[in-house]
Amino acid sequence: MIRWITIGVLSLGLVGAAIWGYQEHQEKNAILIQAENGYQKSFHELSYHMDLLHDEIGTVLAMNSHERLSPKFVDIWRITSEAHSNVSQLPLGLLPFNKTEEFLSNIGDFTYRTAIRNLDDDPLTDEETNVLEELYVQANDIKDELRHVQHLALENNLRWMDVQLALVNNDQTDNTIIDGFKTVEEQVEGFAEANSQSGLIGVSTKPEDHFENLPGETLSEKEALDKSRKIFDINSKENIEITPSGDGADIPIYSVSYQNDDKRAYMDLSQKGGYPLTLLIERPLKDKKLSLHEGLERAEKYLEQFDFDDMNLYQSMELNNVGMYSFYYNQDGIRIYSDSVEVKVALDNGDVLGVTATEYYSNHHEREIDEPELTEEEALEFVNDNVQIEESSLSIITNDVDEEVLTYEFLGTFNNDTYRIFINAMDGREEMVEKLGGKELKYS
């Protein structure tokens, strides 16, 4: 009798295990299918937007009406932004593709600056027209190569998940999609010098090799793993994976991931110096035990640990028992928002759950700051009279065309809402207006 009961229990166990395994397999397949569909959508949209970009540049070259040029430049700027977004959603992080992304950004910068100026008083120059003609040819080359890759991918039923796997395993031989994107990158690199010599595009103010100046020695994979375990607060040497970035990446990094039953973690760690550029830790949160202010103390302690000096909190908020804190760099009393860091802290035990420091490490340097042309009172005249001003300061922000500008920052209220208004300290231009909702502000 006991034998039959034992057999029955074992049979039920085997059936249960089979059902569980089948469900796990189905869930995994569903996730893979969802990811593949997302990649396919982004790729086909990228191909479509490059087609559209080529056509729109051609339309501008055929136009003779200044009234219609500005809206058309706005259309081109919007299309390049969408194409850039498509690229960012593809699994190309380990494949050097920065020249193509820079190409799209440069077209966006050029067309945006042209769209907002008065083309009646300041029409396109012959040099600018020549640049547009070059961009037209270059966009056509990229468009044709992407169409070729798209045709082969559809004809051979190629999957983007295989691309991701090949990149992670550094096995990039005989992969049609990877080869196609490498060809695009090589084409763009070939005419990048001509674009930069024009002086019309490629105006980023970030210092050259801005990531190369990180202090510290280059970490080996073993050293990076040891540091990652410390940051993740884990002792186990299992369930943790590390992948170095490919040759030609903007910054050499280690992508590190960890997962166990109730904790998942991901981090981009700079190979030089071992700085966490981005950090994300997911785990179940328990009841809140720390206040938002106590969480701030943990965030500030974290910044001190990685030698972030002269950082000041400018806003914080609480969401689902997590404190989120944003810091700016303070240089001689001027707020440098370009050098920003965000830290997320669990309010159940004070663990750091997230860090975003890429902007800080890509922008941070001591600046020579010119004296403002306008006084604070003169700048205030450019602010809407209906806004009740409460605080003000000098600040440096990055504007819409990726240029750092010195501004007067005014914090004020209008219709029970709080706004930050940035007025150019040189010419009074309204650079940015930001509505602040549900955030605790602190300036120092």
Side-chain angles (χ1 to χ4, degrees), residues 28 35 88 90-98 161-173 175 178 182 209-284 298-309 311 339 341-346 349-364:
K28 182 179 179 180
S88 68
L90 293 173
L92 301 174
L94 301 176
L95 177 69
F97 205 58
N98 50 298
M161 295 304 296
D162 294 333
V163 174
Q164 186 177 36
L165 185 62
L167 290 172
V168 169
N169 294 329
N170 200 26
D171 178 16
Q172 300 177 21
T173 58
N175 187 295
I178 292 178
K182 282 184 175 179
D209 297 330
H210 47 280
F211 278 125
E212 298 300 322
N213 296 322
L214 292 175
E217 300 296 324
T218 300
L219 270 63
S220 66
E221 285 196 22
K222 182 181 182 304
E223 291 171 329
L225 276 174
D226 292 340
K227 189 157 193 173
S228 299
R229 280 194 290 269
K230 182 178 179 181
I231 294 174
F232 289 161
D233 192 24
I234 57 175
N235 295 319
S236 172
K237 294 185 178 181
E238 300 177 351
N239 302 327
I240 186 167
E241 297 181 359
I242 183 168
T243 305
S245 57
D247 294 337
D250 282 343
I251 173 173
I253 64 170
Y254 291 113
S255 295
V256 190
S257 60
Y258 169 81
Q259 182 171 353
N260 65 8
D261 293 337
D262 60 356
K263 184 175 183 177
R264 292 188 300 172
Y266 176 84
M267 176 172 58
D268 282 340
L269 191 74
S270 67
Q271 292 185 18
K272 188 175 183 181
Y275 298 98
L277 306 180
T278 58
L279 168 69
L280 177 63
I281 298 176
E282 295 181 2
R283 64 163 175 80
R298 303 296 179 95
E300 290 174 333
K301 184 177 180 180
Y302 177 89
L303 293 180
E304 292 174 1
Q305 175 186 348
F306 287 96
D307 299 324
F308 289 97
D309 296 324
M311 303 298 293
D339 301 8
V341 180
E342 296 180 358
V343 183
K344 295 181 180 180
V345 176
N349 65 358
D351 284 347
V352 172
L353 297 182
V355 176
T356 303
T358 305
E359 287 297 309
Y360 178 90
Y361 286 119
S362 66
N363 291 306
H364 182 61

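Since this is a predicted model, take the numbers as computed values, not measurements.
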Inset, instruction - For Gly350 and Arg298, work out which heavy atoms get closest and say how close. - result: CA-NH1, 3.3 Å
Inset, instruction - Starting at OH of Tyr360, measure out to OH of Tyr275 and round the result to the nearest 0.5 Å. - result: 9.0 Å
Legend entry - Euclidean distance, Asp268 CG relative to Thr278 OG1, rounded to 0.5 Å: 3.5 Å
Legend entry - Main-chain N/O of Glu342 paired to Thr356 side chain as donor or acceptor, under 3.5 Å: no
Legend entry - Atom pair OH/CD1 of Tyr258 and Ile281 - distance to nearest 0.5 Å: 10.5 Å
Inset, instruction - Could you pull out the closest heavy-atom pair between Pro276 and Val355, with the gap in Å? - result: O-CG1, 4.4 Å
Name every donor-acceptor pair, under 3.5 Å, that has one atom in a side chain of residues 214-222 and the other anywhere in the protein, sequence neighbours excluded.
{"residue": "Ser220", "atom": "OG", "partner": "Glu223", "partner atom": "N", "Å": "3.2"}
{"residue": "Ser220", "atom": "OG", "partner": "Glu223", "partner atom": "OE1", "Å": "3.4"}
{"residue": "Lys222", "atom": "NZ", "partner": "Asp226", "partner atom": "OD2", "Å": "3.2"}

Legend entry - Closest non-hydrogen atom pair between Gln271 and Ile253, with its separation: NE2-O, 3.0 Å
Legend entry - Pairwise side-chain contact, Glu300 with Val343, heavy-atom cut-off 4.5 Å (strictly under): no
Legend entry - Smallest separation among heavy atoms of Phe306 and Gly274, with atom names: CE2-O, 4.5 Å
Inset, instruction - List the atom of Asp339, the atom of Met311, and the distance in Å for their closest heavy-atom pair. - result: O-CE, 3.7 Å
Inset, instruction - Check ring pair (Phe, Tyr, Trp, His ring centres under 6.0 Å) between Tyr266 and all other residues, then give those that pass, not counting sequence neighbours. - result: none
Legend entry - Residue pair Asn239 / Ile234, side-chain heavy-atom distance below 4.5 Å: no
Legend entry - Exceeds 12 heavy-atom contacts within 6.0 angstrom, atom CZ of Arg229: yes
Legend entry - Atom pair CG (Leu280) and CZ (Arg264), whose distance is rounded to the nearest 0.5 Å: 8.5 Å
Legend entry - Straight-line distance of Arg283 CZ to Asp233 CG, nearest 0.5 Å: 9.5 Å
Legend entry - Rounded distance (nearest 0.5 Å) linking atom CG of Leu225 with atom CZ of Phe232: 9.5 Å
